[in-house]
Amino acid sequence: MSRACGSGTLLGLNKKRSARPQSMSVRTRFAPSPTGFLHIGGLRTALFCWLYARRHGGQFILRIEDTDLERSTPEAIRQILDGMEWAGLDADEGPFRQTERFARYREVIELLLAQGKAYRCYCTKEELDRLRAEQMARGEKPRYDGRWRDRVDSRPGVQPVVRFKNPLHGEVVVEDAVHGRVVFQNSELDDLIISRSDGTPTYNFCVVVDDMDMRITHVIRGDDHLNNTPRQQNLLEALGCKPPIYAHLPMILGADGAKLSKRHGAVSVLQYRDEGYLPEALLNYLVRLGWSHGDQEFFTIDDMVRSFDISDVNKSASAFNPEKLAWLNQQHLMRAPPERLAEPLRWQLERLGVVGADEAKLLRIIMVQRERCKTLVEMAAQSLFFFSAPTSYDEKQVRKHVSTAVVDILRDLAGALERLGEWAAPALHSLISGAADRSGLSLGKVAQPVRLALCGGTVSPPIDATLAILGREESVDRLRRAVNEWALMIPPLP
RNA sequence: GCUCCCUUCGUCUAGAGGCCUAGGACACGGCCCUCUCAAGGCUGUAACACCGGUUCGAAUCCGGUAGGGAGCGCCA
């Protein structure tokens with residue numbers, strides 16, 4: 001079993017003067033616990049780990065921290081894996097599961113015990129609860145007082161836990177790549193439990209053993225872990241290992257500035273897929289939360305990999321802003337190769353009941369719709385009329401745009417369209433504007449009723465483009481059907 | 001309560017002592033373009049938490065205050 005671990009080149013401590021890719025191979029890891037779905041906070045952490053590894057040609061490792069047997073679920077694991085896959089954050093190693101490594105943890109615990117670096121504690125939970133309550137009452141920081149630290153006896157009938165002998169004096173210095181130097185006093189730390197009374201290892205311990213065994217060089221995680229870091233560093237030291245480089249990322253808050261919770265926008269990342277967001281747009285949005293690269297707002301995945309640097313990460317928490325996400329999604333829709341959008345659009349259309357749309361038609365729709373939609377859900381909904389004729393017409397708009405004169409124009413137009421030579425946007429445009437001119441009407445006065453006839457409403461891509469995609473037969477058909485219906489509705493002029 | 005962290009427009013951010021009359025982006029308003037809706041262009045409103053100090057000069061450095069957050073589990 002390898003004992004090697006990351007050598008601690010301190011990087012990123014000097015802003016704008018960060019280390020170039022170092023000779024040792026960068027290894028990062030994302031280590032979610034499967035007690036719930038993967039939400040944007042987790043995704044952002046995963047993204048930064050992934051980007052850092054990719055940027056430096058290193059490895060990105062996925063590890064499932066499922067030591068909490070009570071709360072971990074297979075569905076959550078599935079869900080996390082699906083989310084990562086959708087986002088395109090591919091792991092070079094893993095997913096590893098901590099439950100598969102219990103023998104290894106046991107081995108390290110025995111080692112620490114044998115070396116006198118850990119000890120058995122026979123306190124009961126009740127005893128510890130009492131201790132905590134007393135300390136709180138006295139206004140002290142609640143912590144274990146080390147009462148079994150130097151005892152060699154045992155207490156019959158009590159299954160002991162194993163605690164790590166944290167140094168009593170001195171300080172622990174965390175050299176954090178985003179926060180800089182953070183100093184903790186050992187006197188503030190207590191002897192943490194590394195093995196429960198049922199023999200299972202605990203989180204802080206497993207993390208350390210795993211990061212050591214997996215030779216993780218950069219631990220990039222949420223800054224809610226900053227307070228755990230000194231303990232982990234002490235543990236690592238007791239194991240004869242130099243600490244990795246730590247980078248603690250600021251939290252992401254809900255849109256209201258409050259902590260992300262189930263009630264405040266903490267939804268599965270897969271929900272963004274369902275709502276019609278592109279993963280690259282979500283990632284683009286997320287990468288700009290707590291990180292920036294000058295004034296650049298739009299990043300492709302490649303742009304991110306090229307530009308990402310831990311030393312540009314900032315320290316303060318940021319609020320999630322759905323409007324900006326929507327804007328970025330539209331930017332990505334507008335700039336992506338149309339082929340990129342075909343499958344996700346098809347999927348959204350299918351959810352609305354449109355089956356078997358052909359690829360070429362989808363691409364044409366994408367070209368005319370992408371700059372008028374924030375999401376693929378919107379694009380699909382606004383493109384339904386390309387697949388089925390309107391079943392009704394917006395009544396208010398009909399009253400506004402349709403008159404007997406207009407009905408006559410549309411009737412003529414239907415005939416002209418039938419005879420038109422080349423069925424393409426430029427020819428369609430001149431045909432319609434010609435018809436408008438001859439009637440002394442503006443283009444809009446003709447285009448709007450045509451739109452109403454084709455789509456049922458007054459919002460669509462440019463009328464020539466809409467006709468072009470709909471095709472001659474379908475267009476003429478819809479126009480005639482509308483003309484017939486409207487001719488009955490409108491009373492003839494006296 | 002104790003320890004640690006954070007603080008520039010409503011939001012995301014630029015800014016590493018003079019380039020700052022504080023820049024960009026989202027959102028919001030106005031104008032332009034225009035067959036609808038958009039997209040796009042131009043433009044407007046809007047911020048250095050506060051108080052001291054260092055300095056010829058501070059958003060930037062130092063100290064304090066206030067506010068916010070995290071951690072203090074046989075959770076992760």
Side-chain angles (χ1 to χ4, degrees), chain A residues 14-17 31-35 65-68 70-72 121 123-125 128-129 132 135-143 159-163 174 176 179 182-185 187-190 192-198 200 202-204 206-207 222-230 248 250-251 253 255 257 259 285 288-298 314-328 330-331 334 369-374 382 397 401 429 432-433 436 442-448 450-452 455 457-464 466:
Chain A
N14 296 322
K15 272 206 141 197
K16 302 288 141 84
R17 209 167 299 156
S33 63
T35 53
E65 309 220 318
D66 56 351
T67 51
D68 184 351
E70 299 291 307
R71 298 195 302 151
S72 298
C121 164
C123 286
T124 60
K125 282 180 192 168
L128 292 173
D129 286 345
R132 235 186 320 270
Q135 287 166 329
M136 291 284 254
R138 270 181 269 132
E140 292 168 15
K141 180 173 180 168
R143 44 204 265 275
Q159 282 299 315
V161 298
V162 177
R163 287 181 185 271
V174 177
D176 190 277
H179 290 274
V182 184
V183 181
F184 297 85
Q185 296 304 315
S187 54
E188 291 295 332
L189 274 21
D190 62 0
L192 76 155
I193 293 173
I194 58 177
S195 173
R196 302 182 181 99
S197 49
D198 66 1
T200 58
T202 58
Y203 165 78
N204 274 113
C206 296
V207 166
D223 66 11
D224 48 340
H225 288 289
L226 187 53
N227 285 294
N228 286 328
T229 309
H248 287 95
M251 307 258 85
L253 309 173
K259 190 187 173 184
Y285 177 71
R288 285 282 292 100
L289 249 32
W291 177 82
S292 62
H293 186 64
D295 284 337
Q296 190 174 345
E297 298 288 352
F298 181 89
N314 59 210
K315 306 174 191 180
S316 49
S318 39
F320 186 83
N321 183 338
E323 276 98 31
K324 188 149 184 182
L325 202 214
W327 175 78
L328 269 172
Q330 180 170 37
Q331 293 298 313
M334 290 191 299
Q369 290 287 40
R370 59 197 198 151
E371 66 190 28
R372 48 200 104 232
C373 302
K374 300 275 193 207
Q382 289 177 18
Q397 296 298 332
H401 295 287
H429 186 270
I432 296 171
S433 58
S442 66
L443 216 205
K445 291 274 188 280
V446 179
Q448 281 301 72
V450 172
R451 200 169 338 250
L452 225 26
C455 318
T458 47
V459 175
S460 89
I463 201 66
D464 50 358
T466 302

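Numbers restart at 1 for each chain; the letters A, B, ... are given by sequence-line order, proteins then strands.
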Handout entry: For rU54(B), the Watson-Crick or wobble counterpart (both distances under 3.5 Å)
Key = none
Handout entry: Whole-Å gap separating C1' (rA25(B)) and CG (L289(A))
Key = 13 Å
Exercise for the section: Would you mind telling me which of rA39(B), rA76(B), rG73(B) lies closest to the side-chain atoms of K374(A)? Expected result: rA39(B)
Practice task
Measure from CG on N321(A) to P on rC28(B) and round the result to the nearest Å.
Solution key: 11 Å
Practice task
Determine the contact category for G290(A): base if any of its heavy atoms lies under 4.0 Å from a base atom, sugar-phosphate if only primed atoms, P, OP1 or OP2 are that close, otherwise nothing.
Solution key: sugar-phosphate
Practice task
Mind checking S318(A) for me? I need base, sugar-phosphate or nothing, with any heavy atom below 4.0 Å counting as a touch.
Solution key: sugar-phosphate
Exercise for the section: Please report the closest heavy-atom contact between E65(A) and A31(A), naming both atoms and the distance. Expected result: OE2-CB, 3.3 Å
Exercise for the section: Could you tell me the separation between the CD atom of Q397(A) and the C1' atom of rU36(B), rounded to a whole number of Å? Expected result: 9 Å
Exercise for the section: Starting from C1' on rU7(B), measure out to NE2 on H179(A) and report it in whole angstrom. Expected result: 13 Å
Practice task
Calculate the interatomic distance between N204(A) atom CG and rC72(B) atom P; express it in whole Å.
Solution key: 9 Å
Problem - Side-chain donor/acceptor contact of R451(A) with base of rC35(B) under 3.5 Å - result: yes
Practice task
Answer with base, sugar-phosphate or nothing: what part of the nucleic acid does H248(A) contact at a heavy-atom distance below 4.0 Å?
Solution key: nothing
Problem - C1' gap between rA25(B) and rC19(B), integer Å - result: 22 Å
Problem - Donor-acceptor pair present, R372(A) side chain and rC37(B) base, under 3.5 Å - result: yes
Exercise for the section: Take atom CD of Q296(A) and atom P of rG23(B), then tell me their distance rounded to the nearest Å. Expected result: 21 Å
Exercise for the section: Quick one: label C123(A) by what it contacts on the DNA or RNA (base, sugar-phosphate, nothing), any heavy atom closer than 4.0 Å. Expected result: base
Exercise for the section: Could you measure between the two P atoms, the one in rC33(B) and the one in rA46(B), and give it in whole Å? Expected result: 28 Å
Handout entry: Most 5' of Y203(A) and K445(A) on RNA chain B, judged by nearest nucleotide
Key = K445(A)
Handout entry: Phosphate OP1/OP2 of rG24(B) contacted by R288(A) side-chain N/O (<4.0 Å)
Key = no
Handout entry: Watson-Crick/G-U partner (both atom distances under 3.5 Å) of rA59(B)
Key = none
Exercise for the section: Respond yes when some side-chain nitrogen or oxygen of K141(A) is under 4.0 Å from OP1 or OP2 of rU3(B), and no when none is. Expected result: no
Practice task
With the side chain counted from C-beta on, respond yes when P250(A) and S316(A) share a heavy-atom pair under 4.5 Å apart, and no when they do not.
Solution key: no
Problem - Side chain of K315(A) - closest among rC74(B), rC6(B), rA76(B) - result: rC6(B)
Handout entry: Any strand: nucleotide that pairs with rG71(B) via Watson-Crick or wobble, under 3.5 Å
Key = rC2(B)
Problem - P-based separation of rG64(B) from rA47(B) [nearest Å] - result: 29 Å
Practice task
Report the nucleotide, chosen from rA14(B), rC35(B), rU3(B), that has the shortest atom-to-atom distance to any side-chain atom of N227(A).
Solution key: rU3(B)
Practice task
Quick one: label E297(A) by what it contacts on the DNA or RNA (base, sugar-phosphate, nothing), any heavy atom closer than 4.0 Å.
Solution key: base
Practice task
Taking atom CD of Q296(A) as the centre, report whether more than 12 heavy atoms of other residues, nucleotides or ligands fall under 6.0 Å from it.
Solution key: yes
Exercise for the section: Check the distance between rA14(B)'s P and W291(A)'s CH2 and give it to me in whole angstrom. Expected result: 10 Å
Exercise for the section: Would you mind classifying the nucleic acid contact of Y285(A) as base, sugar-phosphate or nothing, using non-hydrogen atoms under 4.0 angstrom? Expected result: nothing
Handout entry: Among rU36(B), rC35(B), rG24(B), the nucleotide that comes nearest once only the side chain of V459(A) is considered
Key = rU36(B)
Exercise for the section: Remember a base hit wins even if backbone is also touched, and classify V182(A) as base, sugar-phosphate or nothing at under 4.0 Å, heavy atoms. Expected result: sugar-phosphate
Exercise for the section: Report the distance from atom NZ of K141(A) to atom CG of L189(A), rounding to the nearest 0.5 Å. Expected result: 7.0 Å
Exercise for the section: Scan every strand shown for a Watson-Crick or G-U wobble partner of rC19(B), both distances under 3.5 Å, and answer none if you come up empty. Expected result: none
Exercise for the section: Please confirm whether any donor atom in the side chain of D224(A) sits under 3.5 Å from an acceptor in the base of rG71(B), or the reverse. Expected result: no
Exercise for the section: Using the C1' atom on both, measure rU8(B) against rA59(B) and round to a whole Å. Expected result: 7 Å
Practice task
Give one of base, sugar-phosphate or nothing for S197(A), where a contact means two heavy atoms less than 4.0 Å apart.
Solution key: base
Handout entry: Rounded distance in Å between the C1' positions of rG71(B) and rG52(B)
Key = 31 Å
Handout entry: N or O in side chain of Q330(A) less than 4.0 angstrom from rA39(B) OP1/OP2
Key = yes
Practice task
Could you let me know what rG10(B) is paired to, Watson-Crick or G-U wobble, both distances under 3.5 Å, or none if it's on its own?
Solution key: rC26(B)
Handout entry: Any T67(A) side-chain nitrogen or oxygen under 4.0 Å from OP1 or OP2 of rC75(B)
Key = no
Exercise for the section: Look at the side chain of N228(A) against the base of rA76(B) and say whether a donor-acceptor pair falls under 3.5 Å; ignore hydrogens and angles. Expected result: yes
Handout entry: Short side-chain donor-acceptor distance under 3.5 Å, T200(A) and D198(A)
Key = yes
Problem - Listed nucleotide nearest any side-chain atom of P142(A), set rG1(B), rA76(B), rA25(B) - result: rG1(B)
Exercise for the section: Quick one: label P461(A) by what it contacts on the DNA or RNA (base, sugar-phosphate, nothing), any heavy atom closer than 4.0 Å. Expected result: base
Exercise for the section: Indicate the ring-plane relationship of Y285(A) and F320(A), choosing parallel, tilted or perpendicular according to the 30° and 60° boundaries. Expected result: perpendicular
Problem - Gap in Å between the two C1' atoms, one belonging to rG67(B) and one to rG30(B), rounded - result: 37 Å
Exercise for the section: Give none if rA49(B) has no partner; otherwise give the nucleotide forming a Watson-Crick or G-U wobble pair with it, both distances under 3.5 Å. Expected result: rU65(B)
Handout entry: Nearest-Å distance once atom P is located in both rG10(B) and rC5(B)
Key = 27 Å
Problem - R451(A)-Q448(A) side chain donor-acceptor pair, cut-off 3.5 Å - result: yes
Practice task
Determine the contact category for R138(A): base if any of its heavy atoms lies under 4.0 Å from a base atom, sugar-phosphate if only primed atoms, P, OP1 or OP2 are that close, otherwise nothing.
Solution key: nothing
Problem - Heavy-atom closest contact (L226(A) atom, F184(A) atom, distance) - result: O-CZ, 3.8 Å
Practice task
Please work out if M251(A) contacts a base, only the sugar-phosphate, or nothing of the nucleic acid, heavy-atom cut-off 4.0 Å.
Solution key: nothing
Practice task
Decide yes or no on side-chain contact (heavy atoms from CB on, under 4.5 Å) for T458(A) and L452(A), but give the supporting numbers first.
Solution key: CA-CA 6 Å; T458(A) 47; L452(A) 225 26; 3.8 Å; yes
Problem - 5′-ward residue of the pair E188(A)/A447(A) relative to RNA chain B - result: E188(A)
Exercise for the section: For K125(A), report the nucleic acid contact type (base, sugar-phosphate, nothing); a contact means any heavy atom under 4.0 Å. Expected result: base
Problem - Nearest-angstrom distance from the residue atom CG of L328(A) to P of rU11(B) - result: 18 Å
Problem - Paired nucleotide for rG40(B) [Watson-Crick or G-U wobble; both distances under 3.5 Å] - result: rC32(B)
Practice task
Return no unless some side-chain N or O of S460(A) is found under 4.0 Å from OP1 or OP2 of rC37(B).
Solution key: no
Practice task
Tell me what D464(A) touches on the nucleic acid: a base, only sugar-phosphate, or nothing, going by heavy atoms under 4.0 Å.
Solution key: base
Practice task
For Q331(A), report the nucleic acid contact type (base, sugar-phosphate, nothing); a contact means any heavy atom under 4.0 Å.
Solution key: sugar-phosphate
Exercise for the section: For rA16(B) and rA22(B), measure between their P atoms and round to the nearest Å. Expected result: 16 Å
